[in-house]
Amino acid sequence: MAEAAAEYRPDPGGVFASDVHRRVAAHIYAEEEGTGWPVLGLLHRLAEDHATPLPPVHEEVGVPDYVEGLARLEAVLADLKSDGVAANDGEVWVLTQKGLDLLTGPIANEPEPDAPVEGPAMIDLGPVPIGGKAATAAGVKA
Amino acid sequence: MSSLELLLPQLFIPGENGDGTVLDLGRARPSDWLREQILGERSGVGDLYRSLNLGGKANYLSNKDLDHNLGKTSFTMPATVAIALLTVAATAASTKASVTEANYTGYARLKVEATSLNAASSQKSTNSAKLEFAACTALSSTIVGFIIVDSTTAGAGNALYWGTTTSTVISTTQTPATIAANALEVTES
């Protein structure tokens, strides 16, 4: 399980196999929403997320390497499915209740109650603004 | 370089020094919209591509803006603007009922005071002061996104803008959640 995790940075929450596994799960609609992502739609969405290196940017031409990205995404999704975090019906991917519980749950190793504050949790909103540009493609009905 | 590279849903026109211009072809816009959008100097085109952020205006606000700007229905300025931290990424279609907010003890949406914002300029609005949430006093959350919303009450209001963040743990030792001054940029272009 989680064979694709080695090449990515660890999950800061210590719950998922890697940060990329967390972020892919976080972009998938919950089962109850009745909507899911086809894998290519999900890849397109992830390509715009500055904090998720899927697909990788081709070093020479500076555009997303969708071929490599698709292979990486499918490997991550296979891990998530194996761990019961995501499910797919052959067409779209959805987040399971277990996946939602992991995303919304506490980190793996919470500090002791009397542990001193180390500092603020600085939130990185990314390198550029959010704005009124066209939204990425929506999911399709599961 | 004068060639065009297709970068759906944008056209990317490379510059001479690794910078370039991105033309968004995603949907029809006002006539003056389709103009060059220089995104600033970058070390390489890969960096420039990564500067295309995932996030934008929520569908609710897009519809209100369209009706207001085209004289259909007036849109009243929100009395309250707040930021909510999310553990599941939002989309343009996210609503108060569909977002999943942080749930550590002490979490609350942060009201963004008008005095914490710079006046919009060059189609851009930024926060002039750091935005600091209430301290985490127990439990923890790992956030991956946020929405700007017109209510400080969790589960209430309308989403205005949405975006993703780097995965960030908020715990009793890593607190309070803080957005640095000028880190939040919202544009209309």
Cluster link [X] to [Y], ILVMFWY, side chain under 4.5 Å:
X: Leu110(B); Y: Val144(B); value: no
X: Val169(B); Y: Leu85(B); value: no
X: Val117(A); Y: Phe133(B); value: no
X: Val186(B); Y: Leu66(B); value: no

With side chains defined as the heavy atoms from C-beta onward, is the minimum distance between [X] and [Y] less than 4.5 Å?
X: Thr142(B); Y: Pro12(A); value: yes
X: His50(A); Y: Thr166(B); value: yes
X: Arg9(A); Y: Ser167(B); value: yes
X: Met122(A); Y: Thr168(B); value: no
X: Thr100(B); Y: Leu103(A); value: no
X: His27(A); Y: Thr164(B); value: yes

Q) Crowded around Asp101(A) CG? As in, over 12 foreign heavy atoms under 6.0 Å? A) yes
[X] portion near chain B, given a 4.5 angstrom heavy-atom threshold:
X: Leu95(A); answer: neither
X: Glu118(A); answer: both
X: Pro116(A); answer: backbone

From the list Gly105(A), Pro111(A), Gly14(A), Ala25(A), the residue making the most non-hydrogen contacts under 4.5 Å with chain B is Pro111(A)
Interface check, chain B: of Ala51(A), Ala115(A), Ala26(A), most non-hydrogen pairs under 4.5 Å belong to Ala26(A)
So the ring-ring contact (aromatic ring centres under 6.0 Å, His included) pairs with at least one residue in residues 106-125 of chain B (sequence neighbours excluded) are Tyr104(B)-Tyr107(B)
Ala89(B) and Arg45(A) have their tightest heavy-atom pair at CB-NH2, 3.7 Å
- Item | Main-chain N/O of Ile107(A) paired with Ser140(B) side-chain donor or acceptor, under 3.5 Å | yes
CD1 of Ile83(B) to CD1 of Ile123(A), rounded to nearest 0.5 Å, is 8.0 Å
Count the heavy-atom pairs under 4.5 Å between each of [options] and chain A, then report the option with the highest count.
options: Ile170(B), Leu61(B), Thr91(B); answer: Thr91(B)
options: Thr172(B), Leu139(B), Thr178(B), Leu86(B); answer: Thr178(B)
options: Ile179(B), Thr175(B), Thr137(B), Thr173(B); answer: Thr173(B)

Honestly, the part of Ser171(B) sitting under 4.5 Å from a heavy atom of chain A is side chain
